Amino acid sequence: MYHPGEKDSLDRIKPQVIDELNVKNIEVAASEAELEKDGYKTSLEAGYGVAIATDISEELAAEGLARDIVHRLQTMRRNAGFEISDHITICYEGGDYIKQVMTDYANYIKHETLARELIEGIAVEGEFVEQFKLSGNEIKLSVVKL
């Protein structure tokens, strides 16, 4: 499915492609037959093909929710007028699944948002608060500049 040298070129830019497409991994298939697997959606055009797994594990769904939470928090930081280097405290409210994701991905969320701590509950006066529905889960988030 690829021409000589294309695999080497893809290998060189693989980290950037993974980051841009927000995928875990990229594998190069030698033939169209390798793309056609159960649990994958495929697209072929101009001699090139792509197969994307359509089955989402519980772990992948939770990671996706954590990434969505980070995205919302980054937008909240900007809307609140915080500087990119400002450290924050994040407060949150949500159901059991939200609490589990916030616990399991606490280090990732804190690292990506420059948060010093994640606090369950919305109780601080003067904070920037927004409510969202993410992956069918209600969540209220607040950010406080330290």
Side-chain angles (χ1 to χ4, degrees), residues 1-2 6-30 32-45 48-146:
M1 294 231 21
Y2 53 87
E6 287 182 330
K7 184 178 182 319
D8 292 337
S9 295
L10 180 58
D11 286 342
R12 282 194 301 276
I13 63 168
K14 186 176 179 177
Q16 292 169 299
V17 174
I18 287 171
D19 187 52
E20 286 296 318
L21 296 179
N22 196 19
V23 296
K24 292 276 190 188
N25 194 18
I26 295 174
E27 297 176 17
V28 177
E32 185 178 324
E34 288 183 35
L35 293 178
E36 296 173 357
K37 303 175 188 176
D38 286 341
Y40 285 80
K41 185 78 173 170
T42 61
S43 178
L44 301 170
E45 186 174 319
Y48 293 93
V50 174
I52 298 175
T54 55
D55 296 332
I56 298 178
S57 67
E58 287 181 28
E59 180 182 341
L60 189 57
E63 182 179 337
L65 179 57
R67 286 174 174 259
D68 204 6
I69 290 169
V70 165
H71 172 74
R72 299 303 172 112
L73 288 165
Q74 297 292 35
T75 300
M76 289 175 68
R77 285 176 55 96
R78 282 191 297 278
N79 292 344
F82 297 170
E83 297 294 325
I84 196 166
S85 60
D86 288 340
H87 288 271
I88 63 171
T89 294
I90 296 169
C91 300
Y92 67 93
E93 287 180 353
D96 291 340
Y97 186 60
I98 293 292
K99 292 175 190 174
Q100 189 65 50
V101 169
M102 295 298 282
T103 299
D104 291 349
Y105 292 90
N107 289 337
Y108 166 74
I109 294 168
K110 289 194 286 189
H111 174 76
E112 292 295 316
T113 60
L114 292 182
R116 293 266 167 85
E117 61 183 325
L118 302 177
I119 300 171
E120 185 179 348
I122 307 291
V124 180
E125 290 284 330
E127 59 196 19
F128 194 79
V129 180
E130 289 192 23
Q131 189 161 343
F132 305 98
K133 188 166 189 169
L134 305 176
S135 301
N137 298 280
E138 295 287 337
I139 182 171
K140 185 184 281 187
L141 295 168
S142 64
V143 292
V144 182
K145 184 166 72 169
L146 299 178

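We're numbering straight along the sequence, starting at 1. It should be emphasised that the depicted structure is a prediction, and the values quoted were computed from it without experimental measurement.
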Would you mind listing every salt bridge (charged side-chain N to carboxylate O under 4.0 Å, His left out) that reaches into residues 9-20, with sequence neighbours excluded?
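Every salt bridge (charged side-chain N to carboxylate O under 4.0 Å, His left out) pair that includes a residue of residues 9-20, provided the two are not neighbours, is Lys7-Asp11.
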State which residues pass side-chain hydrogen bond (donor to acceptor under 3.5 Å, both in side chains) with [X]; sequence neighbours excluded, sorted by chain then number.
{"X": "Lys133", "answer": "none"}
{"X": "Asn79", "answer": "none"}
{"X": "Lys99", "answer": "Glu120"}
{"X": "Thr75", "answer": "Arg78"}

Please find the pair of heavy atoms, one from [X] and one from [Y], that lie closest to each other, and give the distance.
{"X": "Ala62", "Y": "Val101", "value": "O-CG1, 3.9 Å"}
{"X": "Cys91", "Y": "Gly121", "value": "CB-O, 3.0 Å"}
{"X": "Leu44", "Y": "Gly49", "value": "CD2-CA, 3.4 Å"}
{"X": "Met76", "Y": "Phe132", "value": "SD-CE1, 3.9 Å"}
{"X": "Ile56", "Y": "Ala61", "value": "CG2-N, 3.7 Å"}

Tell me every residue that passes salt bridge (charged side-chain N to carboxylate O under 4.0 Å, His left out) with [X], counting only those two or more places apart in sequence or in another chain.
{"X": "Arg72", "answer": "Asp68"}
{"X": "Asp104", "answer": "none"}
{"X": "Lys24", "answer": "Glu63"}

Tyr92 side chain reached by Ile69 side chain, heavy atoms, under 4.5 Å
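A side-chain contact is absent here, since even the closest heavy-atom pair is not under 4.5 Å.
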Using side-chain heavy atoms (C-beta onward) and a distance below 4.5 Å, is Glu130 in contact with Val143?
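No. Closest side-chain heavy atoms not under 4.5 Å.
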Partners of [X] by side chain to side chain contact (heavy atoms under 4.5 Å, CB included), sequence neighbours excluded?
{"X": "Glu83", "value": "Ser85, Asp86"}
{"X": "Ala53", "value": "Tyr40"}
{"X": "Glu58", "value": "none"}

Point-to-point distance, once rounded to the nearest 0.5 Å, from CG of Leu146 to CD1 of Ile88
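Here the interatomic distance stands at 8.0 Å.
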Reported CG-to-OH distance for the pair Leu118 and Tyr105, which is rounded to 0.5 angstrom:
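If we round to the nearest 0.5 Å, Leu118:CG and Tyr105:OH are 14.5 Å apart.
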May I have the step-by-step check of side chain to side chain contact (heavy atoms under 4.5 Å, CB included) for Ile26 and Val17, ending in yes or no?
CA-CA 8 Å; Ile26 295 174; Val17 174; 3.2 Å; yes
Throw together a table of side-chain donor-acceptor distances under 3.5 angstrom for residues 106-117, partners on residues two or more places apart or in other chains.
| unit_1 | atom_1 | unit_2 | atom_2 | d |
| --- | --- | --- | --- | --- |
| Thr113 | OG1 | Ile109 | O | 2.7 |
| Arg116 | NH2 | His87 | NE2 | 3.4 |

Given Glu93, which of Ile122, Ile98, Leu141, Val129 fulfils the side chain to side chain contact (heavy atoms under 4.5 Å, CB included) condition?
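Only one of Ile122, Ile98, Leu141, Val129 forms a side chain to side chain contact (heavy atoms under 4.5 Å, CB included) with Glu93, namely Ile122.
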Take atom [atom1] in [X]; do more than 12 heavy atoms of anything else shown fall under 6.0 Å from it?
{"X": "Ile84", "atom1": "CD1", "value": "no"}
{"X": "Asp38", "atom1": "CG", "value": "no"}
{"X": "Asp8", "atom1": "CG", "value": "yes"}

Ser43 side chain to Val50 backbone, donor-acceptor under 3.5 Å:
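No, the answer is negative, given that no donor and acceptor are paired below the 3.5 Å cut-off.
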